[in-house]
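A, B, ... follow the sequence lines: proteins, then strands. Residue 1 opens every chain.
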Amino acid sequence: MKIVFNGKERQVREGQTLEGLCEELGIKPEGAAAACSGEVVPKGQWKDFALKDGMEIDVFSLVAGG
Amino acid sequence: MRYERPRLLDGYDKLDGILAHKSVAILGAGGLGGLCAYLLAGAGLKSLTVADDDTVEDSNLHRQVMFCADDIGKIKSLCLKREIGKLDPEVQVRAFTDRVDEGNFADFAKGADLVMDLTDNVRTRLLASRMCLELKKDFVHASVAAGTGMFCAFRFSDPAFVREHGCYECMAGAQAKPAFRGITGPYAETISAEAAQLAMECFMGTAPWGELFVHDMERRTIRRFKLKRDPACPECTRYLDSIKE
């Protein structure tokens, strides 16, 4: 199935979770936040958040500066 | 005369009058907190608490525009108080020179209508979110590094807000650990100004509570996302349980 990940189409396998995808892409959950179709996905839900065909996923870095 | 230009804007005619009776507590007097505090004082805020126990370093001066070379080695919150005093001697600035922790947070936030997390320290940020939730204080968060800036406003004084949008920990997780990255002066101060604007909107009744803004420096875009509560978040659960009692 296909999702839109950070603005680009991407093929992902059925049953893939948000956490699993980030792991595959080398994105550390503790350093990132994510949203699906304009809504933030709480960090505690990443593990069980199943990706579905057509979903628009945005993952962005948490930043520490000031 | 001082406020005649903002008063020309629709919705801003009463801003300085509103700010004159509000108090803001800011965590961090560096790249984000320094300019933000100065802009709010310039806009008419008369009561500020600024917490920062760090001293000014040479490596700060490219982005922390409230300090000069003579300030190196001096405590940031005291230097910022001095600069705001030059801008408007009527502003009451409390420089909080102790490191803010669980034990003194209530003292730091005492009397504040809004608490702003503008630190570069994620542990302090998580503590601030948790303590503001406990104290039911409205809370603004902003952070910036590399090419990303983010800011959002949490209306912790409103249980309906918490039920829907949650807290910073819901979004970032209790184990949040952003990577330490580089930063430019102009970009740090861009996000600082955004934080000041957001704080003003909190008092004007026009703030986009519950929306996370993610600014991309390279693309010069801002994306906005709706914050959502994690039903399993222990901090939000404690807060909502305390409302029921």
Can you tell me how the ring of [X] sits relative to the ring of [Y], calling it parallel under 30°, perpendicular over 60° and tilted otherwise?
X	Y	value
B/Phe105	B/Phe108	perpendicular
B/Phe154	B/Phe139	tilted
B/Phe151	B/Phe213	parallel

Validation row: B/Thr97, B/Lys81 side chains within 4.5 angstrom (heavy atoms):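 They are not in side-chain contact.
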Inset, instruction - Using a 4.5 Å cut-off on heavy atoms from C-beta on, say whether the side chain of B/Thr206 contacts that of B/Met200. - result: no
Side chain, backbone, both or neither of [X] within contact of chain A (heavy atoms, under 4.5 Å):
X	answer
B/Arg229	backbone
B/Thr148	both
B/Ala176	both
B/Asp216	neither
B/Tyr168	side chain
B/Leu227	both

Taking every non-hydrogen atom, the tightest pair across B/Ser143 and B/Arg125: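 What the structure gives for the nearest pair is CB-NH2, 3.6 Å.
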Straight-line distance of B/Glu235 CD to B/Ser129 OG, nearest 0.5 Å:
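Output value for this atom pair is 8.0 Å.
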Q. Nearest 0.5 Å, what's the CD1-OG1 distance between B/Ile26 and B/Thr119?
A.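 Taking CD1 in B/Ile26 and OG1 in B/Thr119, the distance rounds to 12.0 Å.
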SB check B/Arg163 B/Asp158 (cutoff 4.0 Å): no
Worksheet item: When you check the gap from the basic side-chain N to the acidic O, do B/Arg238 and B/Glu134 get nearer than 4.0 Å?
Response: no
Residue selection (most heavy-atom pairs with chain A, distance under 4.5 Å) from [options]:
options	answer
B/Val122, B/Asn121, B/Val214	B/Val214
B/Ala172, B/Ala174, B/Ala179	B/Ala172
B/Gln64, B/Arg63, B/Lys177, B/Arg224	B/Lys177

key: Contact residues of residues 15-29 of chain A (partner chain B; heavy-atom separation under 4.5 angstrom)   =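 Within residues 15-29 of chain A, near chain B: nothing under 4.5 Å.
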Intermediate values then yes/no, ring-ring contact (aromatic ring centres under 6.0 Å, His included), B/His215 and B/Tyr187:
CA-CA 10 Å; B/His215 190 287; B/Tyr187 194 47; 5.3 Å; yes
Max heavy-atom pairs within cutoff under 4.5 Å with chain B, candidates A/Ala34, A/Gly38, A/Gly31, goes to A/Gly38
